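Every value quoted in this text rests on a predicted model; they were computed, and no experiment measured them.
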Amino acid sequence: MTGTNIAFGAIEDEFTDSSRSTLSWALSGYSIVLATFMVLGGRLADRLGRRRVFFSGITVFLIGSLACALAPTGLLFVAGRIVQGLGGAFVVPSSLALVLPAFPAGRRTSAVAVWTASGSAGAAAAPSLSAFIVEFFGWRWVYLIAVPIGLLVLVLGRRLLDESTGDDSGAPVDLLG
């Protein structure tokens with residue numbers, strides 16, 4: 001999300017066919033979709049497999065990133081951000097759920113601390129990195145940079161991550177809720 005905040009002026013300059021209020025949905029839409037679908041992402045990870053949902057989320061996020069980077073119009077850019085939010089909603093809970101069973105109970109607190117610190121470090125570095133990318137490569141690269149990183153995660157994750165599921169109570173997934 002931070003990259004979009006930093007690049008917003010350049011994005012706005014390019015998509016002169018779209019109003020600021022339309023383009024602001026690139027920020028709001030991402031956040032709304034991320035928050036709305038995160039619980040479902042966690043439930044699906046427990047039910048269908050945490051590794052499977054994590055990889056699906058990364059793939060959806062990458063599709064959204066490509067859509068943002070290649071968007072010819074402001075509306076398609078916003079749509080790409082919404083797709084990114086959906087992917088993120090599956091990645092966040094499944095990534096934490098992958099960490100927990102990978103460590104013995106006595107080390108889980110430390111593992112969660114490292115997981116949290118990694119996210120915090122990324123959030124802290126993102127504004128400066130995004131500003132550098134926008135300044136020297138253009139705003140579209142804020143989204144394109146996710147592609148090789150995501151592909152690396154998919155390749156390494158297949159080797160390093162074990163599949164796990166949560167307790168399956170047999171209750172159906174409440175998609176409407």
In chain order, what residues pass the side-chain hydrogen bond (donor to acceptor under 3.5 Å, both in side chains) check against [X], with sequence neighbours excluded?
{"X": "Arg158", "result": "none"}
{"X": "Ser120", "result": "none"}
{"X": "Ser128", "result": "none"}

Could I get the full list of side chain to side chain contact (heavy atoms under 4.5 Å, CB included) partners for [X], not counting sequence neighbours?
{"X": "Thr22", "value": "Ser18, Ser19, Leu75"}
{"X": "Asp17", "value": "Phe15, Thr73"}
{"X": "Val53", "value": "Leu44, Ala45, Leu48, Phe90, Ser94"}

Side-chain donor-acceptor pairs under 3.5 Å in residues 134-156, sequence neighbours left out?
{"from": "Trp139", "atom 1": "NE1", "to": "Glu14", "atom 2": "OE1", "distance (Å)": "2.8"}
{"from": "Arg140", "atom 1": "NE", "to": "Glu14", "atom 2": "OE2", "distance (Å)": "3.4"}
{"from": "Arg140", "atom 1": "NH1", "to": "Ala69", "atom 2": "O", "distance (Å)": "2.6"}
{"from": "Arg140", "atom 1": "NH1", "to": "Ala71", "atom 2": "O", "distance (Å)": "3.1"}
{"from": "Arg140", "atom 1": "NH2", "to": "Glu14", "atom 2": "OE2", "distance (Å)": "2.4"}
{"from": "Arg140", "atom 1": "NH2", "to": "Ala71", "atom 2": "O", "distance (Å)": "3.0"}
{"from": "Tyr143", "atom 1": "OH", "to": "Thr4", "atom 2": "OG1", "distance (Å)": "2.5"}

Donor-acceptor contacts, no H, no angles, side chain residues 95-102, under 3.5 Å, sequence neighbours left out:
{"from": "Ser95", "atom 1": "OG", "to": "Val91", "atom 2": "O", "distance (Å)": "3.1"}
{"from": "Ser95", "atom 1": "OG", "to": "Val92", "atom 2": "O", "distance (Å)": "2.8"}
{"from": "Ser95", "atom 1": "OG", "to": "Trp115", "atom 2": "NE1", "distance (Å)": "3.1"}

Sequence neighbours left out, what passes salt bridge (charged side-chain N to carboxylate O under 4.0 Å, His left out) with Arg159? Give chain and number order.
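So Arg159 forms no salt bridge (charged side-chain N to carboxylate O under 4.0 Å, His left out) with any residue.
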
Transitive ILVMFWY cluster of Val39 at side-chain heavy atoms under 4.5 Å: who else is in it?
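Listed partners: none, Val39 stands alone.
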
If you look only at pairs with a residue in residues 53-70, which of them pass as a side chain to side chain donor-acceptor pair (under 3.5 Å), with sequence neighbours excluded?
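Pairs touching residues 53-70 that pass the test: Ser65-Gln84.
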
Restricting to pairs with a member in residues 60-76, which pass salt bridge (Lys or Arg N to Asp or Glu O under 4.0 Å), not counting sequence neighbours?
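For residues 60-76, and leaving out neighbouring residues, there are no salt bridge (Lys or Arg N to Asp or Glu O under 4.0 Å) pairs at all.
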
Cationic tip of Arg108 above Phe103 ring, under 6.0 Å, 45° of axis:
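Verdict for Phe103: no cation-pi partner in Arg108.
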
